[in-house]
Amino acid sequence: MDVDPPNYDHVTINDSDVHSIVLSYLVHNCYRETVESFAASTGMNQPADYLDGIEKRKKIFECALEGNALKAIDLTEQLAPDLLESNKDLHFDLLSLHFVELVCSRKCNEALEFAQTKLTPFGKVQKYVEKLEDFMALLAYEEPEKSPMFHLLSLEHRQQVVDSLNQAILAHAKLPSHTPMERLIQQTAVVRQLLNQDHAKDGHPPFALKDFLNG
């Protein structure tokens, strides 16, 4: 439910709303056991295909996070045919995860061959050129972890790719790619900004987060 910030005082939130928000977050992030436990304790029903979808998405994300990006790509193509074909950015990011894994394993020759066959074709599109240069530059360092492109090897980068993949798979399945909880956090930020603007007009200091939480 979308509500203009000035009208928030008139919004009533019941238990079912809260339960739905929490459950959508758990489903979105593939916490199957917690989903089943939470649904049972609150009396909420979830379609069987939701649980099946959670397991399939979870397996894909585990592969990507654990350094098996090619398996993640294969499973994604099984679950969401044509998704990677239509989403070149995501396909490039997943392939680059495998390239990075080869670099980290010091399999430089294999990494170079993989880049030439799988990544270089993306270079026909200008927006991928700089990305390709950054990835290829990793091969020039004996310790790529200490290179200026070290962030490409980080868990944070891998997690960003996985998050994008999760959103894309959900959108492909006609499901929300963002959770209500994420939207609530965004709306809270807007409310805080509006409150700060009102306080500034009245000559007051910025509205602190603790003030917002304490009403």
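As the structure is a computational prediction, the values presented were derived from the model and not from experiment.
- Side-chain contact between Val103 and Cys108: absent, with no pair of heavy atoms (C-beta onward) separated by less than 4.5 Å.
- Checking side-chain atoms of Tyr128 against main-chain N and O of Pro121 turns up no donor-acceptor pair under 3.5 Å.
- Looking at Val125 and Lys88, their side chains never come closer than 4.5 Å, going by heavy atoms from C-beta outward.
- Closest approach of Val129 to Gly123, counting heavy atoms only: CG2-O, 3.7 Å.
- Note that CD1 of Ile169 and CG of Leu83 are 6.5 Å apart. Values are rounded to the nearest 0.5 Å.
- The backbone N or O of Glu85 sits nowhere less than 3.5 Å from a side-chain atom of Asp82 that would complete a donor-acceptor pair.
- Heavy-atom contacts from other residues, nucleotides or ligands closer than 6.0 Å to NZ of Lys107 number 12 or fewer.
- Side chains of Gln78 and Asp74: a donor-acceptor N/O pair is present below 3.5 angstrom, by distance only.
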Verdict with supporting geometry, Leu138 and Ser147, side chain to side chain contact (heavy atoms under 4.5 Å, CB included) | CA-CA 7 Å; Leu138 291 171; Ser147 73; 3.5 Å; yes
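- Pairing each heavy atom of Ala168 with each of Leu90, the nearest pair is CB-CD2, 3.7 Å.
- Between Phe135 and His157, the angle of the ring planes lies from 30° to 60°, which puts this pair in the tilted group.
- A 4.5 Å side-chain heavy-atom check between His172 and Leu79 finds every atom pair outside the cut-off.
- You'll find the side chain of Cys63 reaches within 4.5 Å of the side chain of Leu75, heavy atoms only.
- Side-chain atoms of Arg57 do not come within 3.5 Å of backbone N or O of Glu55 as any donor-acceptor pair.
- Remark: Ile60 CD1 to Thr76 OG1 distance equals 4.0 Å, nearest 0.5 Å.
- Ser154 is not listed as a side-chain neighbour of Glu145, based on a closest heavy-atom distance of 4.5 Å or more.
- Expressed to the nearest 0.5 Å, how far NZ of Lys58 lies from CG of Asn166 amounts to 13.0 Å.
- A donor-acceptor contact closer than 3.5 angstrom is absent between the side chains of Asp163 and Gln167.
- In this structure, the ring of Phe122 has its center less than 6.0 angstrom from the ring center of Phe92.
- Without hydrogens or angle criteria, Thr120 side chain to Ala115 main chain gives a donor-acceptor distance under 3.5 Å.
- When side chains are defined from C-beta on, Tyr141 counts as touching Met149, because their heavy atoms get closer than 4.5 Å.
- Rounded to the nearest 0.5 angstrom, Leu94 CG and Asp89 CG are separated by 11.0 Å.
- In this structure, Phe99 and Leu112 have side chains that are not in contact, with every pair of non-hydrogen atoms separated by 4.5 Å or more.
- With rounding to the nearest 0.5 Å, the separation of CG in Leu165 from CG in Asp93 is 10.0 Å.
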Worked verdict on Arg158 versus Glu101 for side chain to side chain contact (heavy atoms under 4.5 Å, CB included) | CA-CA 11 Å; Arg158 191 177 291 273; Glu101 187 64 28; 3.5 Å; yes
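- Between the side chain of Ser105 and the backbone N or O of Leu102 there is no donor-acceptor pair closer than 3.5 Å.
- Taking each heavy atom of Cys104 and Leu153 in turn, the nearest pair found is SG-CD2, 3.5 Å.
- Atoms NZ and CD, from Lys71 and Glu66 in turn, are 13.0 Å apart once rounded to the nearest 0.5 Å.
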